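None of these values were measured; they are calculated from a predicted model. Chain identifiers are assigned alphabetically (A, B, ...) following the order of the sequence lines, protein sequences preceding nucleic acid strands; residue numbering begins at 1 within each chain.
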Number of protein chains: 2
Amino acid sequence: MKLIEAKQQFISSWGAFGTHWGINRTMAQIHALLLICSDPITQDDIMEELNISRGNTNMNIRELINWGLVDRVILPGERKDFFLAEKDIWKVVKMIVKERKKRELEPMLQLLDRLEEVEGDKRDKNIKSFIDTISSIKKLGKQADKTLDTMIRAEESWFISSLMKMFK
Amino acid sequence: MKLIEAKQQFISSWGAFGTHWGINRTMAQIHALLLICSDPITQDDIMEELNISRGNTNMNIRELINWGLVDRVILPGERKDFFLAEKDIWKVVKMIVKERKKRELEPMLQLLDRLEEVEGDKRDKNIKSFIDTISSIKKLGKQADKTLDTMIRAEESWFISSLMKMFK
DNA sequence: TTTAATTTTCAAAAAATATTGAAAATTAAA
DNA sequence: TTTAATTTTCAATATTTTTTGAAAATTAAA
């Protein structure tokens, strides 16, 4: 496989992969493109490479910046803005985990806390069964939350060697 | 909060949560409803509870069965099919992890293997930079794959106590 | 067998989501 | 300043995804 073809494959697959995880295809593709560009590139470069409109490019770059995955770079003597992706994949994963934890897991845990407080006699079969389900989800969710917190703080080397030991 | 309201909240939030993870809202809502029903219920019960059509209900139940999250139950003396969700949340999580690993992570790792074999001089800056990015993603992906394999095989109690030790 | 209840399928419609492109806003060079 | 390049916004449009509902298929009781 030629380099140019390999790059296209990577971009297209990363985009498809993203859609399975609730990330829009274009955002994932722009991210993929930036991941394999060693030097910063402009909005126009991205538009041309992916064949997408200016507005679309702009909005998705902004979103990638919000996620902390891409930085805007000002090059001296250049009029246009340039963009550069974080290349350290461990940092990228930690960033995504951190954001999704904050946006999705934490609100869910807060909701479960409130749902556990449902009114009524705890000996009532219906109430008991509901609380049991909610509690078990909450328990696992809290554990995941703690584990992810530790992961976010960890160094890659420490994390991997630690997992290695854990799983023999 | 009353039980009926708490149930509605849970179903609606579980649905919204699903959409952030590439799972369709209705499928997640049916799953939520079944999770908090201690006894098996019929397609008609689900249609009525969630206000959705027969076709939609049927297709999403089938999908939940494919994922191994719901079972069809034949009750003696009853004409209609009944449905029951797996209630052990640890089993549910393992099932979802197993499926998504197979459907998404493994094909991605296979692609990365192929992309790493890109033609050309490995000393060429462009080639080297591409291979470096692909390799680092692959490395982390392979580690995740192994870790998830172990998790899928693990008992909840073992897994949690193991994580506890790991993270002090 | 019929017959009626129930489930499944899938083309068409609706809803949700993503994309475009041109106008407005911003920025910095002249 | 003025001007031109660049970025941003967002209503309109296009695309994708989901949902519907009625017909077809299946199932089991009569």
Side-chain angles (χ1 to χ4, degrees), chain A residues 11-34 40-67 69-84 103-104, chain B residues 11-34 40-67 70-84 100 103-104:
Chain A
I11 290 168
S12 137
S13 302
W14 204 249
F17 196 66
T19 58
H20 285 126
W21 292 90
I23 286 141
N24 109 5
R25 176 178 265 91
T26 301
M27 179 172 156
Q29 287 186 348
I30 295 178
H31 188 217
L33 172 61
L34 286 168
I41 61 176
T42 65
Q43 252 189 50
D44 291 84
D45 296 334
I46 296 170
M47 285 165 60
E48 194 178 332
E49 195 74 36
L50 304 180
N51 266 291
I52 55 178
S53 71
R54 184 171 302 284
N56 195 10
T57 308
N58 193 273
M59 279 172 11
N60 283 107
I61 289 178
R62 190 199 308 77
E63 198 58 10
L64 284 166
I65 294 175
N66 288 343
W67 279 78
L69 301 175
V70 167
D71 286 322
R72 189 184 302 270
V73 176
I74 306 298
L75 293 188
E78 292 280 3
R79 185 76 165 75
K80 292 181 181 174
D81 291 354
F82 284 71
F83 300 93
L84 187 66
R103 296 179 190 201
E104 295 147 28
Chain B
I11 290 169
S12 136
S13 302
W14 203 249
F17 196 66
T19 58
H20 284 127
W21 291 89
I23 285 141
N24 108 6
R25 176 177 265 92
T26 302
M27 180 171 155
Q29 286 186 348
I30 295 177
H31 188 217
L33 172 61
L34 286 169
I41 60 177
T42 65
Q43 254 190 46
D44 291 85
D45 295 333
I46 296 171
M47 285 165 61
E48 194 178 333
E49 195 75 36
L50 304 180
N51 266 290
I52 54 178
S53 71
R54 184 171 303 285
N56 196 10
T57 308
N58 193 273
M59 279 171 14
N60 284 108
I61 290 177
R62 190 197 311 83
E63 199 56 12
L64 284 165
I65 293 174
N66 288 342
W67 279 80
V70 167
D71 286 322
R72 189 185 302 270
V73 175
I74 307 298
L75 295 187
E78 292 279 4
R79 186 74 165 75
K80 292 182 182 175
D81 291 353
F82 285 70
F83 300 94
L84 188 65
R100 300 202 81 157
R103 296 178 190 202
E104 295 148 28

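For the pair Met47(B) CE and dT7(C) C1', the computed distance is 11 Å after rounding to whole Å. In this structure, the CE atom of Met27(B) is 16 Å from the C1' atom of dT19(D), given to the nearest Å. For the pair Asn60(B) CG and dT8(C) P, the interatomic distance rounds to 13 Å; values are reported in whole Å. The separation between Gln29(A) atom CD and dA18(C) atom P is 13 Å, rounded to whole Å. When the P atom of dA5(C) is taken as reference, atom CD of Gln43(B) falls 17 Å away, rounded to whole Å. Rounded to whole Å, the distance from CD on Glu63(A) to P on dA18(C) is 11 Å. One interatomic measurement links the two molecules: CD1 of Ile74(A) to C1' of dT6(D), which rounds to 11 Å at whole-angstrom precision. One can place CG of Asp45(B) at 12 Å from P of dT6(C), the figure rounded to the nearest angstrom.
Dashed line: the shortest gap from a side-chain N or O of Asn56(B) to OP1 or OP2 of dT18(D) is not under 4.0 Å. Put simply, Asn58(B) has no side-chain N or O that comes within less than 4.0 Å of OP1 or OP2 on dT7(C). Contact between the side-chain N/O atoms of Asn24(A) and the OP1/OP2 oxygens of dT19(C) is found at a separation under 4.0 Å.
The shortest non-hydrogen separation linking Glu104(A) to Phe17(B) is O-CE1, 3.5 Å. Between Asn58(B) and Gln43(B), the shortest heavy-atom distance links the atoms ND2-NE2, 2.6 Å. Of all heavy-atom pairs between Ala28(B) and Trp14(B), the closest is O-CD1, 3.2 Å. Closest approach of Ile30(B) to Leu50(B), counting heavy atoms only: CG1-CD1, 3.6 Å.
The side chain of Arg79(A) lies closest to dA28(C), out of dT19(D), dA28(C), dT6(C). Side-chain proximity of Asp44(A) to the nucleotides dT19(C), dA28(C), dT7(D) is greatest for dT7(D). When distances are taken from the side chain of Thr26(A) to each of dT19(C), dT19(D), dT7(D), the shortest belongs to dT19(C). When distances run from any side-chain atom of Met59(B) to the nucleotides dT6(D), dG21(C), dC10(C), the shortest one goes to dC10(C).
Within a 6.0 Å sphere centred on CD of Glu78(A), other residues, nucleotides and ligands contribute more than 12 heavy atoms.
Residue Asp81(A) is the one, among Asp81(A) and Arg25(B), whose nearest nucleotide of DNA chain D lies closer to the 5' end (criterion: closest heavy atom). In terms of position on DNA chain C, the residue among Gly55(A) and Glu78(A) whose nearest nucleotide sits closer to the 5' end is Gly55(A). Residues Ile52(A) and Phe82(B) each lie close to DNA chain C; by heavy-atom proximity, the contact nearer the 5' end of the strand is made by Phe82(B).
Among the atoms of the strands shown, base atoms are found under 4.0 Å from some heavy atom of Arg54(A).
Under the Watson-Crick and G-U wobble criteria, each requiring two contacts below 3.5 Å, nucleotide dT26(D) is paired to dA5(C). Judged by Watson-Crick or G-U wobble contacts below 3.5 Å, the nucleotide dT13(D) has dA18(C) as its partner.
When side chains are defined from C-beta on, Ile65(B) counts as touching Phe83(B), because their heavy atoms get closer than 4.5 Å.
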